Amino acid sequence: WAQPIVMVKDYFGEKVGMYFLFLGTYSTWLFYAAGIGVASFGLELLGGQYLTWATAACGICMSLWTTLFLECWKGEEARAKLEWGMTGFEETEEDRTEFEGREIHSPVTGLPDAYFPPRDKVKRILGSYIQIVLCIFYVSCVNAGIFYVHAYVSRYPLRNYVDFHHLADGPFGVPTVVTNLALALLIQATNALFMPFATRMTKVENHRTETDFEDQLIAKVFLFQFVNSNGALFYVAMAQGPLTRGIGDKQPWKTRRFDCAPYCLEHVSFLLGTIFIVRVELGNWNEVVAPFLARLRKDAARRRKLRAQSNEKRQAAETERAQNEYAERKHKKLEYVKYLRSQLR
């Protein structure tokens, strides 16, 4: 609540200031969502009819929370845009420095202007989305492979050789835990790898303004991450049980291994929790632990450099002192020789 938003905006720019303004508003509203969740969980612990009422009330309250939060953020955003002079920005926005086009005379002003044919732009955008569909297909195939390995390990044939019946079934079985961790790590890795790929694709599309560039980049990232982050959850919640039971009538020996019943909802909740925890831990690593370790390495390198410089200075001083002592002994020896010669004469 005490973020120096204006100072952040003045130093880092309006975009970063708007990000932290959203983060503060979102974090504040999350307290209300947490209260709803805690109250619902407390009612669920009572069991009986309270379980049904708690689930229904939580769903209704979260739907209202989503709408109210969105409307509140719209008001905060409009106020900040007005105070920071961001209204009408797109109307006077200049071309991107990376924008390329053949030079023509503008039919409106008659001045030289860069022109990029809309047909070529549409072709490039379509090519980008075709690549996104291929990426989604590839990730879906990897997810399907993980589910297949999970079904193979947990159902057949290892049970005939290893007695881990009490560990294999249910949402907390060993294969399920490993599968959820693999899916969560895969989601985070592919989301991170897709970002630079989407940026390159958007640059190839040759957008005129920075707003058009960012809009297209956001659309690509949202489409991929939405499918990638929710595909496994949707499959377990909606498709895994009915699909395996439907096909199992024809090939029960093959498809019953994929059936999650009677733990489908528990599988969904555990998978969602695993994805959330892995995302939080990786985010804390990238934002807190990794910078801290990088600072420690930087400080250690600076200390080594200072020690090396001090050693060099000490060696140089010792060398200079040795040279001075040698010159002084040499001078004294010459003076003594001159004295002896004077005495002999």
Side-chain angles (χ1 to χ4, degrees), residues 1-10 12-84 86-87 171 180 183-184 187-188 191-192 214-215 218-219 221-234 236-238 264-289:
W1 298 289
Q3 291 187 106
I5 298 296
V6 177
M7 296 176 63
V8 172
K9 183 265 299 182
D10 292 339
F12 293 101
E14 288 78 5
K15 182 185 294 186
V16 178
M18 189 67 73
Y19 166 76
F20 280 100
L21 179 62
F22 171 80
L23 197 63
T25 306
Y26 181 56
S27 300
T28 302
W29 276 81
L30 282 179
F31 278 97
Y32 305 120
I36 296 172
V38 171
S40 175
F41 182 71
L43 291 175
E44 288 180 0
L45 292 179
L46 298 177
Q49 61 179 356
Y50 295 103
L51 178 61
T52 304
W53 285 105
T55 304
C58 182
I60 295 173
C61 291
M62 289 306 299
S63 300
L64 294 175
W65 177 90
T66 304
T67 303
L68 293 175
F69 163 69
L70 181 59
E71 295 301 323
C72 176
W73 167 244
K74 287 181 180 179
E76 290 289 335
E77 183 185 26
R79 179 187 59 80
K81 289 172 63 177
L82 185 62
E83 291 181 354
W84 298 349
M86 299 174 62
T87 56
N180 291 344
L183 289 171
I187 290 172
Q188 299 306 313
N191 285 342
E214 292 182 354
D215 290 343
I218 291 171
V221 174
F222 174 79
L223 176 62
F224 178 82
Q225 292 190 358
F226 178 80
V227 178
N228 185 38
S229 301
N230 299 296
L233 294 171
F234 178 82
V236 175
M238 301 294 182
C264 290
L265 293 181
E266 287 81 356
H267 274 282
V268 173
S269 62
F270 189 49
L271 176 58
L272 180 61
T274 305
I275 294 173
F276 176 76
I277 292 173
V278 169
R279 178 175 297 178
V280 171
E281 294 301 325
L282 290 179
N284 289 333
W285 174 270
N286 293 329
E287 297 177 5
V288 179
V289 179

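What you see is a predicted model; the values in this text were computed from it and never measured. One-based numbering along the sequence shown. Worth knowing before you read on, the calculation uses all heavy atoms, side chains too, and leaves out hydrogens, waters and symmetry mates.
The existence of a salt bridge linking Lys74 and Glu77 is excluded, since no basic side-chain nitrogen approaches an acidic carboxylate oxygen closer than 4.0 Å.
How far CZ of Phe20 is from NZ of Lys15: 14.0 Å, rounded to the nearest 0.5 Å. Atom CZ of Phe31 is separated from atom CD1 of Ile36 by 14.0 Å, given to the nearest 0.5 angstrom. Here the straight-line distance linking atom CD1 of Ile277 with atom CG of Leu272 works out to 10.0 Å at 0.5 Å rounding. A distance of 13.5 Å separates CD1 in Ile218 from CG in Leu223, rounded to the nearest 0.5 Å. With values rounded to the nearest 0.5 angstrom, Asn286 atom CG is found 11.5 Å from Glu281 atom CD. For the atom pair CD (Gln188) and CD (Gln225), the distance works out to 8.5 Å, reported to the nearest 0.5 Å.
For Phe22, the CZ atom counts as densely surrounded, since its 6.0 Å shell holds more than 12 non-hydrogen atoms of other residues, nucleotides or ligands.
At least one side-chain heavy atom of Leu233 sits under 4.5 Å from a side-chain heavy atom of Leu271. You'll find the side chain of Lys9 stays beyond 4.5 Å of the side chain of Glu83, heavy atoms only. Taking the side chain as every heavy atom from C-beta outward, Thr25 and Phe69 approach each other to under 4.5 Å. Residues Met18 and Leu21 form a side-chain contact, since some pair of their non-hydrogen atoms from C-beta on lies under 4.5 Å apart. Inter-residue side-chain proximity for Ile5 and Val8 is flagged as unmet; no heavy-atom pair is nearer than 4.5 Å. Side-chain contact between Arg279 and Ser229 is present, with at least one heavy-atom pair separated by less than 4.5 Å. For the pair Val268/Phe234, no side-chain contact is recorded, criterion being any heavy-atom separation below 4.5 Å from C-beta on.
In terms of heavy-atom proximity, Gln3 sits nearest to Gly24 at NE2-CA, 3.5 Å. When all heavy atoms of Ser40 and Ala54 are compared, the pair lying nearest together is OG-O, 3.4 Å.
Exactly one residue among Leu70, Leu68, Thr66 makes a side chain to side chain contact (heavy atoms under 4.5 Å, CB included) with Trp29. That residue is Leu68.
Judged by distance alone, with hydrogens and angles left aside, the side-chain atoms of Asn230 form a donor-acceptor pair with the main-chain N or O of Phe226 at under 3.5 Å.
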